[in-house]
Amino acid sequence: MTASAPRPVALVTGASSGLGHAYARQLAEGGWDLVPVARRASRLEALAARLQIPGGVTVQPLVADLTDETGLARVAERIDRGVDLVVNCAGFAGYMPFAELSGEVADALIDVHVRAVTHLTGAAVRAMVPHRRGAIINVASLLAFSESAVLGRFNRAAYAGCKAFIVTFTQLVAQEVHDHGIKVQVCCPGAVATEFHDVAGVPRPPAAMSPEEVVTASLRALDAGEVVCVPGLEDPTVIERYHEAQREMLRQGNRPELAERYRVAAG
Ligand SMILES: NC(=O)c1ccc[n+]([C@@H]2O[C@H](COP(=O)([O-])OP(=O)(O)OC[C@H]3O[C@@H](n4cnc5c(N)ncnc54)[C@H](OP(=O)(O)O)[C@@H]3O)[C@@H](O)[C@H]2O)c1
C-alpha cells in the first residue's frame, strides 16, 4: 500500500471481545481502518486507543445493540456508506434446555445470528456489487453441523439452528455474488477460548483454540477464496464429502412420487 492510497475499511461486529476483537487486531496490523461494533462502548474505546497511532489506522467505534431495530439500522447505514470487508461476528450461546428457553432469549438469538447477519450481509452485498469488489465473513460454528452428534450438555437447539442458518445462507449468497467479484466466507470454529462460555455460564472447554488462530485461518481462507473455513479441520475433503451427501439427498429426495415406505399407512 502506498502512503497516499486510502486504506481499506473493515466493519467488525462483536469487536469488544474474543473473536471479533482478534479480527480487529489482525486487520489493523494488516493496515485496515476499522469500524468495530458492539454494545460496550468502553471496550471499543479501549480497542481504538490500543490500535490507533498517529499516522496509523483509523478506528471509529460504532456502539450498537444488534437486537435493537435502531442499532441494526445504524450499522447497516454505515455499511451503505462503503466498506471493503464486513465481519459478522457478534454472538452469544443462550445454551439451555429448549423447554426452558424464554421467548426473549430466543428472539435475541434470532436477532443477532439470523436477522442481523441477513440484514448486514444484504447491506454489504448491495454496497459492494456496483464496485465489483469487497468481502464478507460470517462467523457460524461447528455446532451448525451438530444435529447428529450427542452433545447433550450444550442444550444448544436454538443456537445451533441459528448457526446452521448462517452456514446455508452464507454459502448460497457466496454462489450468487461470486461473479460480481465479492468474496464470501462462513467461518465455522470449534471451541474457542473467549468470554463466550463465561457469558453462557458454562465452563470454558479444556481444549480450545485461541481466537488469534481462528482469525489467522479465516483471513488466510479468505485470501485463498475458501467459502467454508473450518480452522481445525485437517482434511478439507470432509467438506466436499459433506456437500456430496447434501447433493445426494437432493437428487434422491426431490422426486414427484412418494417413497415406497410412505405408500401404505404404518401398523
Ligand atoms: N467461543 C467459541 O467457542 C465459539 C465457537 C464457535 C463460534 N463462536 C462464535 O463466534 C462469535 C464470537 O464469539 P466469541 O467467542 O468471540 O464470544 P465473546 O467473547 O463473548 O464475544 C461476543 C461478542 O458479541 C457481541 N455481542 C453479543 N450480543 C450482541 C448484541 N446484541 N449486539 C451487539 N453485539 C453483541 C459482544 O459485545 P458486547 O457484549 O459488547 O455487545 C462481543 O463483542 C459468535 O458468533 C459465536 O457464536 C464462538
Side-chain angles (χ1 to χ4, degrees), residues 11-26 34-48 61-76 78 86-95 104-117 119-121 137-146 151 153-154 156 158-167 169-170 185-215 217-218 228-233:
L11 182 143
V12 181
T13 73
S16 63
S17 174
L19 284 166
H21 200 270
Y23 274 109
R25 287 196 307 271
Q26 288 196 26
L34 290 173
V35 182
V37 179
R39 292 167 299 184
R40 286 172 291 181
S42 58
R43 291 275 192 109
L44 298 183
E45 294 300 341
L47 178 72
L62 201 175
V63 178
D65 183 342
L66 296 174
T67 68
D68 172 67
E69 192 78 36
T70 315
L72 179 58
R74 280 193 292 115
V75 182
R78 178 61 192 85
V86 171
V87 183
N88 283 305
C89 188
F92 71 102
Y95 293 160
E104 199 180 332
V105 176
D107 278 346
L109 280 166
I110 294 165
D111 282 347
V112 174
H113 297 278
V114 177
R115 194 160 187 272
V117 170
H119 282 258
L120 300 183
T121 300
I137 297 173
N138 291 335
V139 178
S141 165
L142 264 190
L143 289 179
F145 308 97
S146 68
L151 299 167
R153 71 193 166 88
F154 283 119
R156 65 197 183 279
Y159 174 80
C162 288
K163 292 303 196 184
F165 166 83
I166 296 176
V167 170
F169 166 74
T170 307
Q185 177 195 114
V186 60
C187 181
C188 304
V192 190
T194 67
E195 294 170 23
F196 180 85
H197 303 93
D198 312 339
V199 173
V202 298
R204 287 196 181 197
M209 193 175 279
S210 73
E212 285 72 19
E213 284 178 313
V214 173
V215 171
S218 174
V228 180
C229 169
V230 182
L233 183 65

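Numbering of ligands and ligand atoms starts at 1, following listing order.
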What is the distance from atom CG of Leu109 to atom OG1 of Thr67, rounded to the nearest 0.5 Å? 11.0 Å
Please identify each residue that fulfils side-chain contact (heavy atoms from CB on, under 4.5 Å) with His21, with sequence neighbours left out. Arg25, Leu47, Arg50
In chain-and-number order, ligand 1 lies under 4.0 Å from a heavy atom of each of Gly14, Ala15, Ser16, Ser17, Gly18, Leu19, Ala38, Arg39, Arg40, Ala64, Asp65, Leu66, Thr67, Cys89, Ala90, Gly91, Val112, His113, Val139, Ala140, Ser141, Tyr159, Lys163, Pro189, Gly190, Ala191, Val192, Thr194, Glu195, Phe196, His197
Got a sec, which residues hit side-chain contact (heavy atoms from CB on, under 4.5 Å) with Ala76, two or more places apart in sequence or on another chain? Leu120, Ala123
Under 4.5 Å between any side-chain heavy atoms of Thr170 and Thr121, yes or no? no
So which of Thr70, Leu72, Leu66 actually passes side chain to side chain contact (heavy atoms under 4.5 Å, CB included) with Asp68? Thr70
Output all residues satisfying side-chain hydrogen bond (donor to acceptor under 3.5 Å, both in side chains) with Ser218, sequence neighbours left out; order by chain, then residue number. Tyr23, Gln185
